[in-house]
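Down below is the structure, laid out as structure tokens.
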Amino acid sequence: MSSTSTSSTTTTAILLSPDKDGLIEAGERLRSGGLVAFPTETVYGLGANALDEAAVRSIFTTKGRPLTDPLIVHVPAQEEALKLLQLDPSAASVYELLATTFWPGPLTLVGKAVEKIPLTVTAGTGFVGIRCPNHELAQKMLIEARVPVAAPSANRFGHVSPTTAQHVFNDLGNHDIAILKGEEKMEGEDSAEKNIMETCSVGIESTVAKVDGETKTVIIFRRGGISESAIEKCLAGTDYKIQALNKTVPHDPSKVPKVEEEGKVDGEGKNLVQERGEQAPGQCLTHYAPDVSTSLICNFGCISGNSGDQQQQYEMCKTPLNECVVIDFGGYLNTLKSHVMDYRDLSESGDVSEAAHHLFDTLRWTENIDGVKQVLLVDIFEVEKSRTPESFQHHEHLKAVADRMFRAASGHRVIVNNRSL
Ligand code: TXA
Ligand code: MG
């Protein structure tokens with residue numbers, strides 16, 4: 001049997017095993033307009049045939065995602081990507097250089113889409129992000145599908161991204177989707193325990209970059225699995241520079257058009273979806289957020305050393321420590337350990353890649369702790385700076401991990417007075 005129905009009455013999701021039967025069923029479902037969640041080296045994606053407008057729309061309704069957030073299209077090889085793009089000749093060589101260097105891998109390249117890609121995929125912008133994932137099962141599924149697969153992360157909109165099939169199931173199990181299961185153990189299964197994270201080895205999403213031929217710039221929309229320094233190195237022999245956008249847009253649900261509002265125009269006659277799609281693709285201040293109030297701990301060791309300006313941006317943590325859980329890095333906050341409800345370290349040895357790998361699973365772990373009121377996240381930047389205060393050489397993935405932790409906390413920072421501990 002390649003599929004198993006789940007037990008709950010409200011559950012409609014189907015699990016597909018990572019074998020030939022599961023892959024055949026995934027391919028058939030995708031070609032006939034269904035949704036299939038699948039593992040990649042970054043996070044699980046929720047896939048649909050990218051050329052099927054109705055299927056693509058069902059991704060947005062299933063996730064509760066606004067139409068202003070464009071989707072990444074997944075292909076098994078670079079040749080397939082080039083069929084979906086109309087690259088201007090000046091940008092084509094750099095696009096191909098980046099693709100050849102980093103694919104298969106966690107880099108999404110944005111370029112002008114061919115007409116057959118529905119506008120819903122591009123959030124009305126006409127530009128599409130394409131990625132070729134470096135994951136065996138994802139590759140096999142994409143080959144079996146024989147269609148390009150549009151896929152956002154397979155979580156509820158705004159929630160923590162999923163790095164296991166169980167995470168997908170917890171968020172979207174009551175929807176009509178199939179979940180192609182990577183090599184991992186699901187709750188209630190008898191199979192020998194495996195490393196549950198092995199399928200999403202990178203653990204954070206792909207870097208999203210646009211090659212802009214006019215300004216000769218590679219614009220980074222989202223930091224991720226391929227670092228800016230690696231891209232910079234790759235561009236060394238070209239006349240292109242790199243520019244990272246650091247936008248954070250507060251999520252205002254009243255301003256975000258939903259699927260049923262497509263076609264709506266504002267007071268000046270501008271199409272709402274297109275306008276917002278261009279302004280703020282995926283830059284929400286609140287993103288990756290667990291269902292428990294979350295804040296970053298700042299200036300852990302030196303409250304009185306703050307400048308007045310800085311202090312205004314912070315609040316004292318009002319929740320009693322025995323109702324908080326701490327997510328730490330490199331043991332920086334370990335004096336809090338015995339005062340809080342629970343504690344986990346993303347990497348005891350202070351390895352940023354290991355922290356990336358564990359981050360989303362750890363954020364979700366906090367949701368299952370009885371009585372927890374507040375998640376306190378370490379400020380990973382502060383930890384890294386404290387290690388090398390004279391010559392701050394940050395790890396190539398530090399900014400990508402810090403960005404996710406900042407958005408998981410909606411930018412909220414608190415001070416915990418450790419003097420009294
Ligand atoms: O690693 C990943 O990228 C995962 C796996 C499944 O491939 N996918 C993923 O998709 O993270 P999603 O939808 O959760 O995030 C994609 C983000 C969007 O929010 C947006 O910021 C950016 O990529 N993006 C996609 N297409 C774009 C475009 N045409 N222009 C600008 N940004 C785009
Ligand atoms: Mg996402």
Side-chain angles (χ1 to χ4, degrees), residues 40-43 45 70-75 77-82 84-85 87-113 125 127-135 138 152-153 161 200-248 281-283 287 351-357 359 380-381 384 392-407:
T40 78
E41 79 280 29
T42 59
V43 299
L71 301 177
I72 294 171
V73 174
H74 298 68
V75 292
Q78 200 185 138
E79 303 83 78
E80 302 300 318
L82 294 174
L84 302 174
L85 293 162
L87 294 174
D88 71 79
S90 61
S93 62
V94 170
Y95 194 103
E96 285 189 49
L97 172 66
L98 291 169
T100 311
T101 309
F102 296 111
W103 283 356
L107 177 66
T108 295
L109 290 169
V110 175
K112 194 161 174 18
T125 64
F127 283 83
V128 65
I130 303 195
R131 142 167 149 81
C132 175
N134 186 16
H135 188 281
S153 50
S161 299
C200 297
S201 57
V202 176
I204 55 169
E205 301 89 339
S206 63
T207 300
V208 180
K210 180 178 176 181
V211 181
D212 187 342
E214 261 176 48
T215 58
K216 297 211 179 301
T217 310
V218 172
I219 304 164
I220 310 287
F221 287 118
R222 177 180 71 181
R223 293 191 167 94
I226 300 292
S227 67
E228 273 160 86
S229 53
I231 293 174
E232 230 157 18
K233 211 164 145 193
C234 174
L235 295 174
T238 73
D239 52 356
Y240 271 66
K241 56 188 184 306
I242 189 167
Q243 184 202 355
L245 298 183
N246 273 322
K247 275 208 314 199
T248 43
Q283 304 291 324
H287 202 157
D351 176 338
V352 176
S353 296
E354 191 187 6
H357 182 72
L359 178 62
I380 196 166
F381 247 101
E384 287 289 271
F392 178 42
Q393 292 278 325
H394 63 74
H395 183 283
E396 61 169 342
H397 293 306
L398 180 64
K399 286 185 179 171
V401 177
D403 174 73
R404 278 147 184 88
M405 294 175 86
F406 178 78
R407 291 177 204 264

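Rounded to the nearest 0.5 angstrom, L109 CG and T207 OG1 are separated by 10.0 Å. Atom OG1 of T42 is separated from atom CG of L107 by 11.5 Å, given to the nearest 0.5 angstrom. We find the CD1-NZ distance between I220 and K210 to be 13.0 Å, quoted to the nearest 0.5 Å. For the atom pair NZ (K216) and OG (S90), the distance works out to 5.0 Å, reported to the nearest 0.5 Å. Distance check, rounded to the nearest 0.5 Å: NZ of K112 to CG of D88 gives 10.5 Å.
The minimum heavy-atom distance between V128 and L71, with the atom names listed, is CG2-O, 4.4 Å. The two atoms that bring P106 and I226 nearest to each other are O-CG1, 3.4 Å, heavy atoms only. The two residues G111 and L87 come nearest to each other via the heavy atoms CA-CD2, 4.4 Å. For the residue pair S353 and H397, the shortest heavy atom distance occurs at OG-CD2, 4.1 Å. Closest approach of A356 to I204, counting heavy atoms only: O-CG2, 4.0 Å. Across all their heavy atoms, S201 and H357 have their closest contact at O-ND1, 2.7 Å.
When side chains are defined from C-beta on, P133 does not count as touching P104, because their heavy atoms never get closer than 4.5 Å. Counting heavy atoms from C-beta on, the side chains of R404 and R222 come closer than 4.5 Å. Counting heavy atoms from C-beta outward, V352 and E384 have side chains that approach closer than 4.5 Å.
Remark: E41 pairs with R131 by the salt bridge (Lys or Arg N to Asp or Glu O under 4.0 Å) rule, at least two apart or across chains. Among residues two or more places apart in sequence or in another chain, the side chain to side chain contact (heavy atoms under 4.5 Å, CB included) test is passed with S229 by S227, E396.
Judged purely by distance below 3.5 Å, without hydrogens or angles, the side chains of E205 and S153 never pair a donor atom with an acceptor atom.
A side chain to side chain donor-acceptor pair (under 3.5 Å) check over residues 95-110, counting only residues at least two apart or in different chains, returns the pairs Q78-T100, T108-S206.
In this structure, K233 places its NZ atom where only 12 or fewer heavy-atom neighbours from other residues, nucleotides or ligands lie under 6.0 Å away.
A salt bridge is defined here as a Lys NZ or Arg NE, NH1 or NH2 lying under 4.0 Å from an Asp or Glu carboxylate O, and D403 with K399 fails to meet this definition.
Only one option out of L98, T217, L97, V211 pairs with Y240 in a side chain to side chain contact (heavy atoms under 4.5 Å, CB included); it is V211.
Remark: the backbone N or O of T215 is paired with a side-chain donor or acceptor of K241 at under 3.5 angstrom.
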